[in-house]
Amino acid sequence: SLLFSPFPPPSQPFYPCLGFYMVCERVYASQGRFADIVPCYLKDPARQHLVFKFIHRCLKQQFVPATQAQRIKEMTVDHIRDLVKISAKV
């Protein structure tokens with residue numbers, strides 16, 4: 001039955017409806033993988049605008065290890081076009 005299928009019907013994506021990116025964010029945070037959270041914000045249309053606060057908070061706070069802070073900086077550069085588009089919307 002479709003109800004118990006592990007795959008969503010193609011016309012309705014499964015992940016955005018259930019806060020998929022928020023769940024990923026929590027998992028990554030619990031594992032100390034803060035740099036991997038940046039794409040979660042970028043892919044979540046409802047929360048894209050929060051990426052700037054997240055990046056700022058991570059780079060300013062002491063709880064983010066230096067290696068993760070460096071990866072966040074690299075992610076920021078890698079996704080600069082996406083960030084500019086989001087900034088223009090806000």
Side-chain angles (χ1 to χ4, degrees):
S1 132
L2 187 56
L3 181 62
F4 296 107
S5 171
F7 303 102
S11 63
Q12 295 185 344
F14 181 67
Y15 48 86
C17 299
L18 298 178
F20 176 78
Y21 296 114
M22 289 179 67
V23 172
C24 289
E25 177 186 343
R26 301 251 168 116
V27 170
Y28 293 148
S30 72
Q31 296 173 347
R33 295 170 50 191
F34 299 102
D36 292 327
I37 296 173
V38 173
C40 293
Y41 278 104
L42 295 175
K43 293 177 184 177
D44 187 345
R47 300 175 64 231
Q48 283 180 339
H49 64 284
L50 299 175
V51 70
F52 302 105
K53 287 183 182 179
F54 174 76
I55 292 169
H56 181 276
R57 192 173 64 238
C58 284
L59 296 180
K60 190 164 175 85
Q61 301 296 324
Q62 298 290 330
F63 70 89
V64 176
T67 55
Q68 284 295 304
Q70 182 59 38
R71 283 202 57 225
I72 290 169
K73 291 175 186 177
E74 292 166 4
M75 294 285 261
T76 301
V77 172
D78 291 346
H79 293 282
I80 194 70
R81 288 181 185 218
D82 298 323
L83 294 167
V84 169
K85 286 179 188 176
I86 294 167
S87 178
K89 292 179 190 176
V90 176

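Bear in mind the structure is a predicted one, so any value in this text is a computation, not a measurement.
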Checklist entry - What pairs of residues pass the ring-ring contact (aromatic ring centres under 6.0 Å, His included) test when at least one of them lies in residues 59-90, not counting sequence neighbours? => result Phe34-Phe63

Item to check | Atom pair CD1 (Ile72) and OG1 (Thr67), whose distance is rounded to the nearest 0.5 Å | outcome: 9.5 Å

Per-pair distances, 0.1 Å, donor-acceptor, side chain in residues 48-58, under 3.5 Å, sequence neighbours excluded:
from  : atom 1 : to    : atom 2 : distance (Å)
Gln48 : NE2    : Leu42 : O      : 2.8

Checklist entry - What is the minimum heavy-atom distance between Ala35 and Gln68, and which atoms define it? => result N-OE1, 2.8 Å

Next on the checklist: Using the side-chain hydrogen bond (donor to acceptor under 3.5 Å, both in side chains) criterion, which residues pair with Gln61? Sequence neighbours excluded.
Outcome noted: none

Checklist outcome for this item: Heavy atoms of Cys40 and Tyr28 approach each other most closely as SG-CE1, 3.7 Å

Checklist entry - Given a cutoff of under 4.5 Å between side-chain heavy atoms of I, L, V, M, F, W and Y, with clusters grown through shared members, what are the other residues clustered with Val77? => result none

Next on the checklist: Tell me every residue that passes salt bridge (charged side-chain N to carboxylate O under 4.0 Å, His left out) with Arg47, counting only those two or more places apart in sequence or in another chain.
Outcome noted: Glu25, Asp44

Item to check | Partners passing side-chain hydrogen bond (donor to acceptor under 3.5 Å, both in side chains) against Arg33 (at least two apart in sequence or in another chain) | outcome: Gln31, Asp36

Determine all donor-acceptor pairs shorter than 3.5 Å in which one atom belongs to a side chain in residues 83-90; sequence neighbours excluded.
none

